[in-house]
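See below for the structure under consideration.
What you see is a predicted model, and the numbers here were worked out from it, not measured in a lab. Chain letters run A, B, ... following the sequence lines, proteins first, then strands; residues in each count from 1.
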Amino acid sequence: DAGVIQSPRHEVTEMGQEVTLRCKPISGHNSLFWYRQTMMRGLELLIYFNNNVPIDDSGMPEDRFSAKMPNASFSTLKIQPSEPRDSAVYFCASSLKAGSNTGELFFGEGSRLTVL
Amino acid sequence: GQQLNQSPQSMFIQEGEDVSMNCTSSSIFNTWLWYKQDPGEGPVLLIALYKAGELTSNGRLTAQFGITRKDSFLNISASIPSDVGIYFCAGPFLSGSNYKLTFGKGTLLTVNP
């Protein structure tokens, strides 16, 4: 079975450029999460969706960040304009139950972003 | 927001040794989870604990849900080189009407063959 698929795996861009990260959750999963991982702050939840609807975006650092989930099989995280401090590994994860308290998330392999 | 405090931050051990790491919180959790992240990969769920006092094993891994519901530990017995990675504890907390999964900062484990 295919897991969570993220693209690109690596991106290097210059400050000010737009960055779009993509995610395909596991088929049949109702919840999708975007996390950011850095050495300093660890894994931070940015935003999550239940049944394609954004539920909580309080973790999105600034207006430069936006996320969409147009359908059950696709989500994007966009940074515009990008800044060097956005450099991190961005993970997408999905889970079976919307709003579940079981915490069983399935993570993608991550997109490593470097902003010069 | 909710904070999970993991210790130790890192460990360097010899192959064959046992490992113990723990996680504490100032808040009560109804679920404790342990994830492992291999280098260059996303975290993968190892063990989930759903009841205070619960002790669960998964191969060489054993985890316990503290009776106070504010802590958990993970033990790895007879470590092997492939145990290398970052181990995270995590817990879902209720935010509004939905649960958000929060992670500890992780314990970096290095196993010397």
Side-chain angles (χ1 to χ4, degrees), chain A residues 2-7 9-10 21 23-26 29-51 53-61 88-112, chain B residues 1-10 23 25 27-52 54 56 58 63 65 69 72 74 85-108:
Chain A
V4 174
I5 299 172
Q6 291 187 245
S7 65
R9 287 296 309 275
H10 303 273
L21 307 178
C23 176
K24 177 176 167 40
I26 293 173
H29 280 194
N30 295 318
S31 296
L32 183 140
F33 306 78
W34 283 101
Y35 281 85
R36 177 172 68 176
Q37 185 177 36
T38 60
M39 288 290 289
M40 290 296 294
R41 301 173 70 91
L43 273 164
E44 302 174 277
L45 178 63
L46 300 178
I47 184 171
Y48 75 99
F49 297 82
N50 282 347
N51 297 316
V53 176
I55 300 300
D56 187 333
D57 65 354
S58 60
M60 296 285 260
V89 181
Y90 291 82
F91 286 102
C92 176
S94 68
S95 71
L96 185 58
K97 297 178 185 176
S100 170
N101 69 340
T102 65
E104 296 185 52
L105 302 189
F106 294 81
F107 284 80
E109 293 184 313
S111 294
R112 179 176 293 276
Chain B
Q2 302 292 327
Q3 264 198 313
L4 295 177
N5 302 305
Q6 273 190 258
S7 64
Q9 282 188 314
S10 61
C23 191
S25 172
S27 302
I28 288 174
F29 281 88
N30 292 320
T31 301
W32 281 93
L33 304 121
W34 286 93
Y35 282 78
K36 182 196 176 195
Q37 184 178 22
D38 288 329
E41 304 290 331
V44 173
L45 181 67
L46 295 175
I47 290 181
L49 302 158
Y50 298 112
K51 203 160 65 170
E54 180 181 354
T56 296
N58 179 6
F65 191 149
R69 292 160 63 192
S72 177
L74 175 71
I86 306 175
Y87 292 80
F88 294 99
C89 63
F93 68 93
L94 192 60
S95 175
S97 58
N98 290 283
Y99 285 90
K100 295 167 66 169
L101 191 63
T102 191
F103 285 80
K105 291 283 180 67
T107 294
L108 174 62

Requested in this report: Against chain B, label A:Arg9 side chain, backbone, both or neither, depending on which of its atoms sit under 4.5 Å from a heavy atom there.
Outcome: side chain
Query - Minimum side-chain heavy-atom gap B:Leu33-A:Leu105 below 4.5 Å - result: no
Query raised in the report: Does A:Arg112 CZ have over 12 foreign heavy atoms under 6.0 Å away?
Result: no
Requested in this report: Would you mind checking which part of A:Gln37 comes under 4.5 Å of any heavy atom in chain B, side chain (CB onward), backbone (N, CA, C, O), both or neither?
Outcome: side chain
**Report entry** Note, A:Pro54 side chain near A:Ile47 side chain (heavy atom, < 4.5 Å)
**Finding:** yes
Report summary line: Honestly, the part of A:Tyr35 sitting under 4.5 Å from a heavy atom of chain B is side chain
Query - Stepwise side-chain contact (heavy atoms from CB on, under 4.5 Å) test for A:Arg36 and A:Tyr90 - result: CA-CA 4 Å; A:Arg36 177 172 68 176; A:Tyr90 291 82; 3.4 Å; yes
